[in-house]
Amino acid sequence: MPRYDAKRIEAHWQQYWETNQTFRTEDTVPTGDAAKKPKLYVLDMFPYPSGSGLHVGHPEGYTATDIVCRYARMKGKNVLHPMGWDAFGLPAEEHAVKTGTHPRETTEQNIATFKRQLKMLGFSYDWTRELATTDPDYYRWTQWIFLQIFDTWYDADFVWTGPDGVERKGKGRPIAELPIPEEILASGRASALRADSGDTTEENTHGGLTPNRSPEVMEAIRRYQDKHRLAYVSDAPVNWCPALGTVLANEEIIDGKSERGGHPVVRMPLKQWMLRITAYADRLASELDELDWSDSIKFMQRNWIGRSTGAEVDFRTESASGRASALRENAPDEKLNAGNAHGGLTPNRSPFPKEPNANTIRVYTTRPDTLFGVTYMVLAPEHPLVATITTDDQRAAVHEYIRKSSLKSDLDRTDLAKEKTGVFTGGYAINPVNDERVPVWIADYVLISYGTGAIMAVPAHDERDYEFAKAFGIAITQVVAKSPKEPTRQGNIFGMPEGLPFTEDGVAVNSGKYDGLTTADFKSQITNDLTAAGLGKVAVNYRLRDWLFSRQRYWGEPFPIWHELDSEGQPTGLMRADSVESLPVLHPHMDDFKPTGTPEPMLAKATPEWLFKTDTDGVKLKRETNSMPQWAGSCWYYLRFCDNKNSDKFIDPAKERYWLPVDLYIGGAEHAVLHLLYARFWHKVLFDRGHVSRPEPFQKLVNQGMILGDTDYSVSPEVFDRHRAVIEGMGIIPLVLKTDDAEIVALRNPSDDPDAYRPLTEDQVTKEKGKAHLKGTDIELTGRTDKMSKSRKNVVNPDHVVKDYGADALRLYEMFMGPLEQVKPWQMNGVEGVYRFLGRVWRLMIDDRAESVILSSAVVDTAPPQDQLRILHKTIKAVTDDIDRLAFNTAISRMMEFTNFMSGQETRSKSVLEQFILLLCPFAPHIAEELWHALGHSNTLTYEPWPSYDPALLVEDTVEVPVQINGKVRAKIIVPANSDAASLEAAARADETVQKNLEGKLVVKVVAVPGRLLNFVVK
RNA sequence: GGCCAGGUGGCGAAAUAGGCAGACGCACGGGACUUAAAAUCCCGGGCCCCUAAAGGGGCGUACGGGUUCGAUUCCCGUCCUGGCUACCA
């Protein structure tokens, strides 16, 4: 009976941990002696509780963090290790549309399944801290944080020192502290509509809504403030997905289709909430430096932010210089090269205008040093100047092009990317550096949303411009050469000049007085000259766009915002926030969950009681009916875990100071950019507003590698048809699967569960010379490993694994497969292997022929022999070091070696075994507890001290040293471990084989590495 | 197209600072135990060649070069696989 019985053991100890609340973390910040314990906050990326339950990818990261936590507790740390649910999201709502089941009900069922499965695996979570983003008590505070963001504007020039003692420039400040420009205070509503981008050059008055202002001014101030909040409403074109009934963020669209479901997406202008994450772009990029994240993730985040430095430059349009020059601030006689053959910009008294003057094209470029190579310009089709610059001759063509490109989905734009398209507007602009006429085109390779929506095109030094110029026969002028000596291509060159486009740095040519300057010098000098002339300035741009923060679905957080209505019931554009006390804003009751079929949000179908109210001042209000995206809840859950029952605050500041930052955060690389960027952004806003004490939430981040399905053997449909009889005769089941590009027939073994994955086993396949055949046939098979997915029918369900082998075996296998961060294929045989290891550990100490769990007679309570002691201490050192560097696979190998050695021992020291069980505990806690108990202990070993090793026991007396002749191993000698180079050489020369090899040769050199190797270099 | 990660036995992998390539496990082969099987235990093993055997030799970490007494590890080039990103001026 007492064979290793995982099922019995695991059920028993899980019950024990639950009853004794073994893993509960004190809810108060420790004081006195307890405060001396180091804290450790270890976090898993919480899962979306899908209807299909856990798959074996989930427990990979969860096991890793569990090992770290159990180890840390034994090392005497105060550990916080919580789990929760990222539970808002589309699938539950889609299910509701089909069945009428309320999403909350579906969500709760799914959570119950996930929780059962996680508990089944014996993870040491403090379940008293469980939370779901869908709990009203949780999203109450999500809404509260939104209101903080809504109440904040970003003061980019504000210099301050945070609670972390670091001086920064730029701070999110209360909206009430936003300086209001004089013109707003003076002229009220009319000018407020014009004011746009925080023009604070004029002297302004601090804030706000002093009571003795006129209603008109008050309204102007409010509108001005609304434009500067970090959460604001925008009317820009967005990605509307009819199939999903919601808009999507750019990040949620892959190749022009929705990331989820692959539905088509169209662009249309809609009023949407945006979060001004771009304000924090610089800090999000630069403050990555301090974090213990992999370089590749930091790199991806920096790429996503995409900061670039360049210059903005104004080009007068020809029409402007022709008929409206008098209106310009930069008078025409100050044009830049003004008859000066060597070029040069004349300083100008007037500064570079904040907004470009009418009939001026402002461009953004990272290569102002190529200004002399501009041969055309491009406006985005949506650019406001297109209408005025287009000549009558070109108007029809331009209109047609704009119409076509507005119809293009993003997908079309991508597909057509190879072929550049565009239309000449008929208009010209004047290059400020040399007064040349430059034709102005429109083309959709220029995006309205980046930079200024207009570019100066330099085909000689930009790939895209080069492609375009080639397609339309536009002049190409080289202005940068590899070296000053290189023969340069003067003048305009048609066709395909050699060596162009040249996009690297070099030396200026054909650039007037700037000739000979290096790219870097030229850039800084021309930028200075442009600035002095009032024609340009240094500018920074980001690829990062503001975060589209609203969705049109039911199952997301409602916004705590009301819109004011006029007497006709029409929105005035003015907003009011819900009071903090009134939160949460709960979901309304719905009769059905069908999308409206239009961009009108689901919540617009709510009852009037939910939708409307009249405020105390008599103003009629309508609720915001958009909902927040799924990202919202995951932006701050790590904070709430520290204090999940607090009803006064989203987190107690003392607890925040104690637990934050998260010391180790493990999750999938698919969240490398978005979730981590969004969460860091929210954290920084909370930091600026004084709600958290540190600028970054996640100190160390590790991404586990994906687990792929087992090798799946398949044939093409044609091959299958030809051999159908043979294959089916072998009892193999053909499964037709669609891959990206073709249809294949996967060959599977039968099983009870039609969805369960039973690939061909190794002995059903013969492999020779890199080719695989179905055993006993000449049918060639293709073997490959794929992502686990429902459509591939290769998902491994942890329930099945636990049923057959137990949780400890599953945990061990997940870690034994290979390095945590690496992509690895699942092999059911491997589970079998670690299961056998657990059986060996069991038999090491338990008499498996006895009736009950009693120690084997080989276990003796006497002083341990030296060799057992020695391997124990080696194992302690190896396992400890391996856990410290998250190398769990090798730690398990070392424990296997220990077990293999001990199995061969007639008598086994009880104290040695006890120490070993402590090492095993973080990996396979159930069997460890059971054996610990069998060894005579009555307590859980959760808080037993982690074993330490005696370095003296690691030192061997003698070592085997390889002897090389010319780098090839010819002999091995046994020498005292502390032998120096000379005695090593002497011992080697005394060796018979070495002598034979040295015979008749001249030793030119001897390389001796004491303790490691000896090498004779001979001729 | 760009960037990042990777390529080691039949398979998953190891080699932590340039020093014995393949630890540990799977699969496989042989043996023990058993009436038999399962389970368990023991032994074997990169590939090729010479030898009756003991033993010996050569090749080998994707491929081609380089640095070095010595390279899986460092450098240059090529190929392949996976991930991310796709006109960001």
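Atoms considered below: every heavy atom in the structure, side chains included; atoms not considered: hydrogens, waters and symmetry mates.
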*A:Tyr445, nearest nucleotide to its side chain (from B:A13, B:A15, B:C87)*: B:C87
_In whole Å, measure the gap between the C1' atoms of B:U78 and B:G7 for me._
14 Å
*Examine B:A89: is either OP1 or OP2 under 4.0 Å from a nitrogen or oxygen in the side chain of A:Ser308? Give yes or no.*
yes
*Look at A:Arg970 and B:G56 and indicate whether a side-chain polar atom (N or O) is within less than 4.0 Å of OP1 or OP2.*
no
Please produce a list of atom pairs where a protein N or O lies less than 3.5 Å from an N or O of nucleotides 44-48 of chain B.
none

*For B:A62 and B:C26, measure between their P atoms and round to the nearest Å.*
26 Å
*Report the distance from atom CD1 of A:Ile892 to atom P of B:A14, rounded to the nearest whole Å.*
12 Å
*With both distances kept under 3.5 Å, what pairs with B:A86, Watson-Crick or G-U wobble?*
none
_Is the ring pair A:His671/A:His675 parallel, tilted or perpendicular, if the boundaries are 30 and 60 degrees?_
perpendicular
*What nucleic acid atoms does A:Lys968 come within less than 4.0 Å of, heavy atoms only: base, sugar-phosphate, or nothing?*
sugar-phosphate
_When you measure from the side-chain N and O atoms of A:Arg836 to the phosphate of B:A27, is any distance below 4.0 Å, counting only OP1 and OP2?_
yes
*Of the nucleotides B:A14, B:G19, B:A13, which one has an atom closest to the side chain of A:Lys824?*
B:A13
*Describe the nucleic acid contact of A:Arg543 in one word from base, sugar-phosphate, nothing, applying a heavy-atom distance below 4.0 Å.*
base
Would you be so kind as to tabulate the donor-acceptor pairs closer than 3.5 Å made by side chains of residues 816-828 of chain A, with sequence neighbours excluded?
from, atom 1, to, atom 2, distance (Å)
A:Lys824, NZ, A:Glu60, OE2, 2.6
A:Lys824, NZ, A:Pro819, O, 2.8
A:Lys824, NZ, A:Leu820, O, 3.2
A:Lys824, NZ, A:Gln822, O, 2.7

*Using the C1' atom as the reference point in each nucleotide, state the distance between B:C48 and B:A86 in Å, no decimals.*
48 Å
_Measuring to OP1 and OP2 of B:G12, would you say a side-chain N or O of A:Asn889 lies under 4.0 angstrom away?_
no
*Of the nucleotides B:A39, B:C24, B:C41, which one has an atom closest to the side chain of A:Met896?*
B:C24
*What is the per-nucleotide protein-contact pattern of nucleotides 69-76 of chain B, from the 5' end, where B denotes a base atom under 4.0 Å from a protein heavy atom, S denotes such proximity for sugar-phosphate atoms only, and - denotes neither?*
B-------
_Within 45° cone of A:Tyr445 ring axis and under 6.0 Å: A:Lys420 NZ or CZ_ = yes
*May I ask you to check whether A:Arg543 and A:Asn303 show a side-chain donor-acceptor distance below 3.5 Å?*
no
*Output the single nucleotide from B:C24, B:C26, B:A13 whose closest atom is nearest the side chain of A:Asn829.*
B:C26
*asked:* Angle between ring planes, A:Phe923 versus A:Phe888, binned at 30° and 60°: parallel, tilted or perpendicular?
replied: perpendicular
*Rounded distance in Å - CH2 (A:Trp826) to P (B:A27)*: 15 Å
*Give none if B:G18 has no partner; otherwise give the nucleotide forming a Watson-Crick or G-U wobble pair with it, both distances under 3.5 Å.*
none
*Would you indicate what A:Phe816 reaches in the nucleic acid, counting non-hydrogen atoms under 4.0 angstrom: base, sugar-phosphate, or nothing?*
base
*Give A:Asn303 one of three labels, base, sugar-phosphate or nothing, depending on what nucleic acid heavy atoms sit under 4.0 Å from its own.*
nothing
*asked:* Within the 3.5 Å criterion, strictly below it, is a donor on A:Tyr401 or A:Thr421 matched to an acceptor on the partner's side chain?
replied: yes
_Without decimals, in angstroms, what is the distance between A:Glu463 CD and B:G2 P?_
9 Å
*B:G64: syn or anti, with syn meaning chi within 90° of zero?*
anti
*Between B:G12 atom C1' and A:Leu812 atom CG, what is the distance in whole Å?*
14 Å
*Using only side-chain N and O atoms of A:Arg843, determine if any of them is under 4.0 Å from OP1 or OP2 of B:C41.*
yes
*Calculate the interatomic distance between A:Arg840 atom CZ and B:C41 atom P; express it in whole Å.*
6 Å
_I'd like to know whether the aromatic ring centres of A:Tyr813 and A:Tyr805 sit less than 6.0 Å apart in this structure._
no
*Pair A:Leu676-A:Trp293, side-chain contact (heavy atoms from CB on, under 4.5 Å): steps then yes or no*: CA-CA 11 Å; A:Leu676 290 169; A:Trp293 295 14; 4.1 Å; yes
*Strand partner of B:C59, provided both Watson-Crick or wobble distances fall under 3.5 Å*: B:G46
*Interatomic distance at C1', B:G2 relative to B:G12, whole Å*: 32 Å
*Find the partner of B:U8: check Watson-Crick (N1-N3 plus N6-O4 or O6-N4) and G-U wobble (N1-O2, O6-N3) distances, both under 3.5 Å, and reply none if neither fits.*
none
*Check the side chains of A:Thr278 and A:Asp546 for a donor-acceptor pair under 3.5 angstrom, ignoring hydrogens and angles.*
yes
*Among B:U16, B:C59, B:A13, which nucleotide sits nearest the side chain of A:Asp882?*
B:U16
